[in-house]
There are 2 protein chains.
Amino acid sequence: MAMGADGPRKRATIKDVAQAAGVSPGTVSNALSGKRRVDSATQARITAAIERLGYVPNLAARGMRTGRAGTIAIFSSMPTAVAAGAARLGFLMEIAASAAIAALESNTALLLVPPIEDPVRALSTIAFDGAILVEPETEDPYLSLLAARGVPTMVIGPATEDQPLAVRIDYRRMAETLFDHLHDVGARDILLVVGQSGRASNIAFREVFSQRSTAHGLPGQEIVLPEAEAERGAQAALRAHVAEFGAPDAVLVPIDAMATGVMAALRELGLRVPGDVCVATRYDGIRARSESPALTSLDLHLDQVAELAARGLVGALDTGAGAMVVDAPEPDLLVRGSTVLS
Amino acid sequence: MAMGADGPRKRATIKDVAQAAGVSPGTVSNALSGKRRVDSATQARITAAIERLGYVPNLAARGMRTGRAGTIAIFSSMPTAVAAGAARLGFLMEIAASAAIAALESNTALLLVPPIEDPVRALSTIAFDGAILVEPETEDPYLSLLAARGVPTMVIGPATEDQPLAVRIDYRRMAETLFDHLHDVGARDILLVVGQSGRASNIAFREVFSQRSTAHGLPGQEIVLPEAEAERGAQAALRAHVAEFGAPDAVLVPIDAMATGVMAALRELGLRVPGDVCVATRYDGIRARSESPALTSLDLHLDQVAELAARGLVGALDTGAGAMVVDAPEPDLLVRGSTVLS
DNA sequence: CATGTGTTGTAAAACGTTTTAATGCACTAT
DNA sequence: ATAGTGCATTAAAACGTTTTACAACACATG
């Protein structure tokens with residue numbers, strides 16, 4: 001000791017505080033956490049010492065002892081979550097922003113985990129107590145990994161029986177709202193353009209579309225595409241469809257990247273929106289808004305959804321409660337220029 | 001021990017692995033980290049044991065020993081960062097998304113820390129090795145807190161002498177590019193609408209605007225507003241300005257929320273964009289794109305900026321290098337319908 | 001007086017890793 | 001033979017908390 005001069009002062013520890021306040025480390029710990037009463041006089045001495053020494057708890061040490069990291073992670077396996085440019089700001093980021101706020105109010109920080117090639121490595125590199133998983137697939141790799149590791153996981157997505165923590169999204173309701181709007185504005189030859197993967201939202205949209213079409217006695221044609229080349233694929237597919245069958249009255253295209261492709265194809269073909277063809281999509285994101293005309297879509301109330309998810313997860317972690325399933329708020333229709341002349 | 005049945009199996013520790021492989025914990029640690037050579041035979045036994053026991057390192061324990069949390073945090077004190085709804089997806093989130101990807105490639109996770117009332121609490125609740133600070137103010141509370149705590153902090157923002165880690169943003173260049181574009185499309189009576197706070201970007205825009213206006217012999221009027229009520233304030237101020245001075249040829253309004261207000265006021269006054277008045281803003285975000293016509297703005301290459309910042313910070317943490325200052329890529333003009341008829 | 005009860009405080013163990021200094025061991029060079 | 005040199009490994013000491021079991025004391029109760 002007595003290391004002389006002005007080297008980078010080592011950070012004060014709880015021991016230093018204890019010594020300065022003339023108590024034991026355990027007492028300081030109790031004073032800090034409030035887990036046990038400490039005499040108000042000692043309490044005062046301790047807070048004074050903390051102040052004077054500029055003590056900041058070592059969170060790693062605390063975490064090792066308590067087994068809590070004080071963080072939750074947000075994941076998504078959606079390939080679109082990592083789209084380029086400003087479109088990167090989609091669904092996932094909108095939820096993340098709100099979840100971060102809600103989490104921080106519970107003294108928990110949010111880890112942003114982008115989709116990467118090697119989920120396993122991510123999970124063993126990053127310390128977190130629980131996870132929020134956005135729109136898991138049917139056999140989602142993250143979900144099974146997290147389950148195997150026993151990490152409490154809050155799913156934002158489809159309702160499943162065996163998922164104890166969830167904010168349930170009603171994709172059928174979305175499909176119904178959009179379909180009915182198109183029908184209301186007079187569309188009869190409605191075309192569905194939808195993703196191929198087994199995601200719940202694709203399935204729900206196809207089911208509802210088919211049911212509603214049958215019920216109204218409409219043709220109900222659909223184009224099913226792989227999600228990967230969403231924009232380009234949708235553009236080409238729509239072009240081909242119009243060439244073969246002529247133009248529909250309306251296109252219902254839940255995935256916004258595909259909606260961009262659809263709009264491009266319609267422009268290319270000289271078809272007017274909404275004069276010749278109406279278009280509606282699901283997520284009111286930057287893509288829907290940057291189109292001209294802007295696309296009719298849904299307000300999914302993602303801020304509320306995120307808050308429910310974050311609070312629910314943190315609550316479950318704190319109380320040890322195993323299950324908490326709530327429904328997302330009902331989506332509201334946002335009528336824009338792509339279905340109604342402004 | 002011998003606790004009978006099937007309780008929730010305790011997670012395997014490095015000791016268990018060591019025992020199973022017939023070596024000491026230290027050797028397992030070395031095998032894991034690669035910090036020292038271990039014989040390939042023992043290496044194999046160890047990896048086998050890890051596999052068999054499903055061992056996952058306890059990151060808190062590791063962190064305590066190494067003093068590294070394996071995370072970096074991203075902050076911003078910008079009030080606009082927490083705007084409501086989809087507008088929440090601004091600048092900050094766009095940077096965060098890209099930074100998260102870059103960080104994860106270096107085995108570092110990104111903590112999303114929204115602006116809150118009590119920064120001090122956030123800093124002692126959350127464990128992180130370094131920070132990315134977006135657009136700090138002149139006397140930024142976060143910056144001084146982080147500095148006081150000795151946390152390496154990468155600033156994305158204005159160039160300052162004493163900041164060792166930075167991705168420098170050239171706000172003057174942005175102002176010049178936008179002003180010159182407005183001048184090029186024929187605007188002569190250009191109005192600047194800008195924020196009141198001491199943020200570098202406000203200062204740069206005012207300086208450049210004044211210099212350029214003088215150089216060209218233009219009136220160069222400006223409206224300076226508090227950032228808080230950006231949208232409403234800009235709308236009212238522009239209305240008043242037009243009432244007093246008549247309509248300008250063009251409005252240069254760097255803050256996108258204010259640009260929204262300006263557009264609203266122009267609509268209200270029955271002025272056509274770009275026929276009567278051109279409008280340009282700085283950040284090509286959701287607001288700029290959702291306007292009709294969409295607003296001419298700048299591509300700031302935020303993905304590259306974020307990558308530079310994240311990599312630079314992680315590099316500095318790893319190597320202990322104290323300084324790393326780089327320039328952000330030059331912004332590119334995005335000409336849209338608000339300055340040129342499409 | 002003996003016993004119980006509640007309140008503050010303490011000492012020491014534990015959490016699971018990494019790192020340091022030391023140990024054996026095989027081999028080479030003197 | 002002796003010393004020197006690497007190499008692979010180990011034992012044990014940290015890292016800074018929280019928690020457990022216990023002690024000391026004051027006070028009330030029988």
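Reminder, nothing fancy here: chain letters follow the sequence lines and each chain counts from 1.
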K.L.:
Should A:L110 and A:I72 count as side-chain neighbours, where that means a heavy-atom distance under 4.5 Å?
P.N.:
yes
K.L.:
Table please: side-chain donor-acceptor pairs of residues 149-167 of chain A below 3.5 Å, with sequence neighbours left out.
P.N.:
unit_1 : atom_1 : unit_2 : atom_2 : d
A:R149 : NH1    : A:L123 : O      : 3.4
A:T153 : OG1    : A:V151 : O      : 2.9
A:Q163 : NE2    : A:T153 : O      : 2.7
A:Q163 : NE2    : A:L165 : O      : 3.0

K.L.:
Is A:P25 close to A:V28 at the side-chain level, that is, under 4.5 Å between some pair of heavy atoms?
P.N.:
no
K.L.:
What string of B, S and - do you get for nucleotides 16-22 of chain D, 5' to 3', if B is base contact, S is sugar-phosphate-only contact and - is no contact with any protein heavy atom under 4.0 Å?
P.N.:
BBBB---
K.L.:
Would you mind reading off the distance between B:I46 atom CD1 and D:dT10 atom C1', rounded to a whole angstrom?
P.N.:
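From B:I46 CD1 to D:dT10 C1': 12 Å.
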K.L.:
Can you give me the N/O atom pairs linking the protein to nucleotides 26-28 of chain C at distances under 3.5 Å, or say none if there are none?
P.N.:
none

K.L.:
Considering residues at least two apart in sequence or located in another chain, which fulfil the ring-ring contact (aromatic ring centres under 6.0 Å, His included) criterion with A:Y142?
P.N.:
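Result, ring-ring contact (aromatic ring centres under 6.0 Å, His included) vs A:Y142: A:F75.
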K.L.:
Using 0.5 Å steps for rounding, measure from the CD1 atom of B:I95 to the OG atom of B:S76.
P.N.:
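Those atoms lie 8.5 Å apart.
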K.L.:
Given C:dT10, C:dG9, D:dA8, identify the nucleotide with an atom nearest to the side chain of B:D39.
P.N.:
D:dA8
K.L.:
Quickly work out the A:Q43 CD to C:dG9 P distance and round it to whole Å.
P.N.:
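A:Q43 atom CD is separated from C:dG9 atom P by 10 Å.
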K.L.:
Suppose the criterion is salt bridge (Lys or Arg N to Asp or Glu O under 4.0 Å): which pairs have a residue in residues 23-42 of chain B, not counting sequence neighbours?
P.N.:
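Not a single pair qualifies under salt bridge (Lys or Arg N to Asp or Glu O under 4.0 Å).
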K.L.:
Less than 4.5 Å apart, side chain to side chain, heavy atoms only: is that true for B:L317 and B:T108?
P.N.:
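In short, these two side chains do not touch, never coming nearer than 4.5 Å.
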K.L.:
Show me, pair by pair, the donor-acceptor contacts under 3.5 angstrom made by side chains of residues 307-314 of chain A, not counting sequence neighbours?
P.N.:
unit_1 : atom_1 : unit_2 : atom_2 : d
A:E307 : OE2    : A:R311 : NE     : 3.4
A:E307 : OE2    : A:R311 : NH2    : 3.2
A:R311 : NH2    : A:E105 : OE1    : 2.9

